[in-house]
Amino acid sequence: MRHCFIALLIFLLPSVMTAQEKETTSAKNHNLEVGKNLDIFNNAFRNLDMFYVDTLNPEQVITSAIKGMVRSLDPYTEYYPESETKNLQMMITGKYAGIGSIIKYHSGRKRVVIDEPYAGMPAAEAGLKKGDIILSIDDSLMTDKNTSYVSSHLRGDAGTSFMLKVLRPDPGQSAKAKKVKGKELKFKITRRNIKLPELPWYGLLAADKKIGYINLNQFTEGCSRTVRNALIELKQQGATALVFDLRGNGGGSEMEAVDIVSLWVPKEQQVVENRGKVSQASRTYKTRLEPVDTLMPMVVLVNGETASASEITAGALQDLDRAIIIGTRTYGKGLVQVPMELPYNTNIKITTSKYYIPSGRCIQAINYKRDGQGAYKERIADSLTHVFHTRAGREVRDGGGISPDVEVKADSLPNIAYYLSIGGLDSTEVMFDYIVDYIARHPSIGDDPTTFHLTDQDYAEFRQRVIDSGFTYDPVSRKQFDELVKTAKYEGYYDDAKEAFDALSDKLKHDVANDLDKHRSAIMQILELDIISAYHYQAGALRAGLAYDRQLEEAIRLLNSPDEYKKLLQPAKKK
């Protein structure tokens with residue numbers, strides 16, 4: 001009997017695997033799968049190259065295959081062939097070589113036009129203006145090209161020059177004019193290294209000379225030094241409180257975010273921890289610089305376009321109870337990407353880890369998953385998030401971005417204002433053309449952008465131009481009404497309620513003139529800010545726009561209410 005037991009024990013032991021053995025086996029199986037599928041891929045391409053009816057372009061085919069592979073993972077893992085390497089460098093550094101101007105496709109003219117030159121850049125220095133139609137670059141015609149094509153020809157190596165021919169339209173032409181009349185102009189432009197402005201504007205707010213304001217729109221290399229200098233300058237001017245605006249900031253360098261947090265937090269404070277699959281991707285970042293001010297009351301403004309490095313900054317300042325967050329919930333990007341060089345001057349940007357801010361939470365809003373059916377994504381429900389605590393004990397949650405301490409929603413943009421700004425359903429660029437005409441008729445609008453306003457006569461002229469142009473747009477209420485009618489007919493309720501439907505339909509009829517009057521204030525604001533940007537660039541438009549800013553208004557009110565400010569930084573009392 002004893003021998004049978006020993007034999008049975010010996011028989012069972014080989015089937016019991018240690019965790020290490022399971023891991024080793026899993027790794028071997030994974031490597032076998034990798035080798036097998038690479039072999040399949042190589043053979044598939046070899047047969048395509050040999051037997052396909054047309055000659056293959058190896059670079060195009062392989063690039064498409066790689067891009068398809070990374071597209072199945074998450075939207076942030078990207079492959080950059082040699083022809084797109086400059087795009088990656090621009091993303092990292094914020095620099096490129098060109099003329100320094102936003103261009104756009106004018107759907108009415110069917111041409112690419114200058115939209116907004118940057119202050120102090122070659123386009124502005126040469127005298128290019130909003131609305132100039134790009135005709136040619138050197139000997140290459142641009143009249144039938146798209147924005148991407150024109151942009152690639154405007155960019156090049158720093159120091160190289162080219163001849164740019166444009167048509168500057170005469171003012172007062174109908175938006176429906178088939179042929180644009182104007183003056184042809186030639187400019188010799190030398191490309192320079194263009195660095196997009198990180199701080200469109202900073203200064204003391206007119207509402208309260210003791211409150212400083214800094215707007216940061218990207219986390220590119222060196223931006224922390226720029227913000228540090230701006231903060232020191234504001235303190236020298238007498239600022240005793242600060243509004244730090246990260247709305248619309250899509251992020252960038254993680255290290256720059258850590259150094260920006262260092263401005264307001266003592267050295268050796270943990271800001272963010274990366275956790276990845278391999279040890280090289282896991283790392284903890286602490287503040288490494290001497291702070292500028294650890295006591296100054298501070299508000300950070302955020303919205304749904306505040307993402308990535310911006311969320312690290314806002315989230316760390318919230319977790320460390322160093323600032324009040326005001327606005328709306330942020331985007332929710334808690335993933336870290338690392339660019340890696342590949343052979344033949346190609347690159348790949350890979351999501352290597354998730355990041356965790358000081359409270360220990362990860363604010364990633366979407367899970368990117370793969371199953372037998374392919375890749376898919378799911379948004380983390382609020383009910384599935386977990387509670388964490390700030391240093392002082394305030395409750396905060398993971399998943400779904402950074403929730404503000406004080407929620408203030410921005411004013412919504414009326415539907416007609418949105419369509420006027422993008423050109424309308426019928427490609428009538430009536431707002432853009434009005435602004436171009438206004439600029440042509442007014443050499444200056446004064447030195448202070450905050451004092452500029454259109455007159456009643458100006459708006460009346462614009463209103464009539466919109467009506468005369470035949471501008472149409474897509475009112476949401478009408479769209480939803482039409483869907484309701486379809487549903488009612490399908491379910492058999494329409495005939496019984498036809499009179500009610502007809503009455504409602506009459507009230508929802510498209511009335512552009514009425515909508516122009518109803519939403520005059522919002523439309524005027526867009527017109528004024530676009531006109532200001534043509535004379536005073538981004539800085540001027542930003543300064544003028546602050547006068548309409550509800551979220552900034554609440555930030556100023558809170559900074560002027562010290563008791564309320566301090567209370568918000570304390571844990572809620574348990575009942």
Side-chain angles (χ1 to χ4, degrees), residues 104 106-109 113-117 127-133 167-177 179-183 206 411-473 475 509-550:
K104 65 164 282 185
H106 189 297
S107 51
R109 312 287 193 207
V113 301
I114 298 293
D115 187 13
E116 184 182 341
L128 289 170
K129 293 185 177 181
K130 187 183 188 80
D132 286 348
I133 301 170
L167 178 69
R168 183 161 294 166
D170 294 334
Q173 297 181 68
S174 168
K176 297 181 179 180
K179 186 174 181 180
V180 183
K181 297 179 181 179
K183 183 186 296 184
D411 288 328
S412 59
L413 189 66
N415 216 22
I416 187 173
Y418 168 76
Y419 279 101
L420 280 167
S421 64
I422 66 170
L425 291 177
D426 55 355
S427 300
T428 306
E429 299 265 7
V430 61
M431 177 177 277
F432 184 89
D433 291 341
Y434 173 81
I435 293 168
V436 171
D437 283 3
Y438 188 94
I439 295 166
R441 296 195 306 264
H442 297 82
S444 171
I445 60 169
D447 295 332
D448 186 353
T450 63
T451 62
F452 170 75
H453 294 287
L454 292 170
T455 65
D456 291 342
Q457 184 178 349
D458 290 330
Y459 189 76
E461 178 190 344
F462 170 74
R463 179 183 182 278
Q464 193 59 48
R465 287 181 65 156
V466 174
I467 294 170
D468 293 343
S469 73
F471 169 83
T472 60
Y473 72 101
K509 279 185 178 176
H510 202 74
D511 189 341
V512 171
N514 180 62
D515 288 345
L516 286 167
D517 294 334
K518 182 178 180 181
H519 302 294
R520 169 178 166 148
S521 177
I523 297 169
M524 282 270 279
Q525 181 182 334
I526 295 172
L527 283 169
E528 289 175 357
L529 295 182
D530 274 0
I531 290 170
I532 289 169
S533 69
Y535 295 90
H536 295 285
Y537 305 103
Q538 288 184 354
L542 175 60
R543 287 181 61 194
L546 295 179
Y548 308 99
D549 196 326
R550 291 176 58 193

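Everything numeric in this text was worked out from a predicted model, so none of it was measured.
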Go through Val466 and Met431 one step at a time and tell me if the side-chain contact (heavy atoms from CB on, under 4.5 Å) criterion holds. CA-CA 8 Å; Val466 174; Met431 177 177 277; over 6 Å; no
State the CE-CG distance between Met524 and Leu516, to the nearest 0.5 angstrom. 12.5 Å
Is there a side-chain contact (heavy atoms from CB on, under 4.5 Å) between Leu167 and Asp132? Walk through the geometry before answering. CA-CA 6 Å; Leu167 178 69; Asp132 286 348; over 6 Å; no
Check the side chains of Tyr459 and Gln464 for a donor-acceptor pair under 3.5 angstrom, ignoring hydrogens and angles. no
Might you work through the side-chain contact (heavy atoms from CB on, under 4.5 Å) test for Tyr548 and Glu528, ending with a clear yes or no? CA-CA 12 Å; Tyr548 308 99; Glu528 289 175 357; 2.9 Å; yes
I'd like to check Ser107 versus Glu429 (side-chain heavy atoms, cut-off strictly below 4.5 Å). Are they in contact? yes
Considering non-hydrogen atoms only, spot the tightest contact between Leu527 and Tyr434 and give its length. CD2-CD2, 3.9 Å
Is there a side-chain contact between Asp437 and Arg465, using heavy atoms and a 4.5 Å cut-off? yes
Should the pair Phe471 and Tyr473 be assigned to parallel (<30°), tilted (30 to 60°) or perpendicular (>60°) ring geometry? parallel
Heavy-atom closest contact (Ile133 atom, Val113 atom, distance): CG1-CG1, 3.8 Å
Taking 4.0 angstrom as the limit, do Lys183 and Asp170 come out as a salt bridge? no
Is there a donor-acceptor pair closer than 3.5 Å between any side-chain N or O of His536 and the backbone N or O of Gly446? yes
Between Ala417 and Ile523, what is the shortest heavy-atom contact and its length? CB-CG1, 4.1 Å
What's the spacing between His106 NE2 and Asp115 CG if we round to 0.5 Å? 10.0 Å
Please confirm whether the backbone N or O of Ala534 pairs with a side-chain atom of Glu116, one donor and one acceptor, at under 3.5 Å? no
Decide side-chain contact (heavy atoms from CB on, under 4.5 Å) for Arg520 and Asp456; before the verdict, give the C-alpha distance in whole Å, the side-chain angles of both, and the deciding distance to 0.1 Å. CA-CA 10 Å; Arg520 169 178 166 148; Asp456 291 342; 2.5 Å; yes
Would a 4.5 Å heavy-atom cut-off, applied to side chains only, mark Leu420 and Val430 as touching? yes
Salt bridge flag under 4.0 Å for residues Arg441 and Glu461: yes
With the side chain counted from C-beta on, respond yes when Leu546 and Thr450 share a heavy-atom pair under 4.5 Å apart, and no when they do not. no
Identify the two heavy atoms, one from Ile531 and one from Ile435, that lie closest to each other, and give their separation to 0.1 Å. CG1-CG2, 3.9 Å
Can you check whether Asp515's main-chain N or O pairs, donor with acceptor, with His519's side chain at less than 3.5 Å? no
List the residues meeting side-chain contact (heavy atoms from CB on, under 4.5 Å) with Ser521, not counting sequence neighbours, and say none if there are none. none
Treating His442 as the side-chain partner and Ser444 as the backbone partner, does any N or O pair qualify as donor plus acceptor under 3.5 Å? no
Taking every non-hydrogen atom, the tightest pair across Tyr535 and Tyr438: OH-O, 4.0 Å
Considering only heavy atoms from C-beta outward, does the side chain of Thr472 approach that of Val512 to under 4.5 Å? no
Nearest heavy-atom neighbours spanning Gly127 and Arg168: O-NH2, 3.0 Å
Close side-chain approach of Lys130 to Ile114, heavy-atom, < 4.5 Å: no
Kindly check if the number of other-residue, nucleotide or ligand heavy atoms within 6.0 Å of NZ (Lys129) is above 12? no
Using a 4.5 Å cut-off on heavy atoms from C-beta on, say whether the side chain of Asp448 contacts that of Arg543. yes
Report the distance from atom CG of Leu529 to atom CD of Gln538, rounding to the nearest 0.5 Å. 12.5 Å
Test Ser533 against Asp530 for side chain to side chain donor-acceptor pair (under 3.5 Å), laying out the working first. CA-CA 5 Å; Ser533 69; Asp530 274 0; 4.7 Å; no
How long is the straight-line distance from CG of Leu413 back to OG of Ser421, given to the nearest 0.5 Å? 6.0 Å
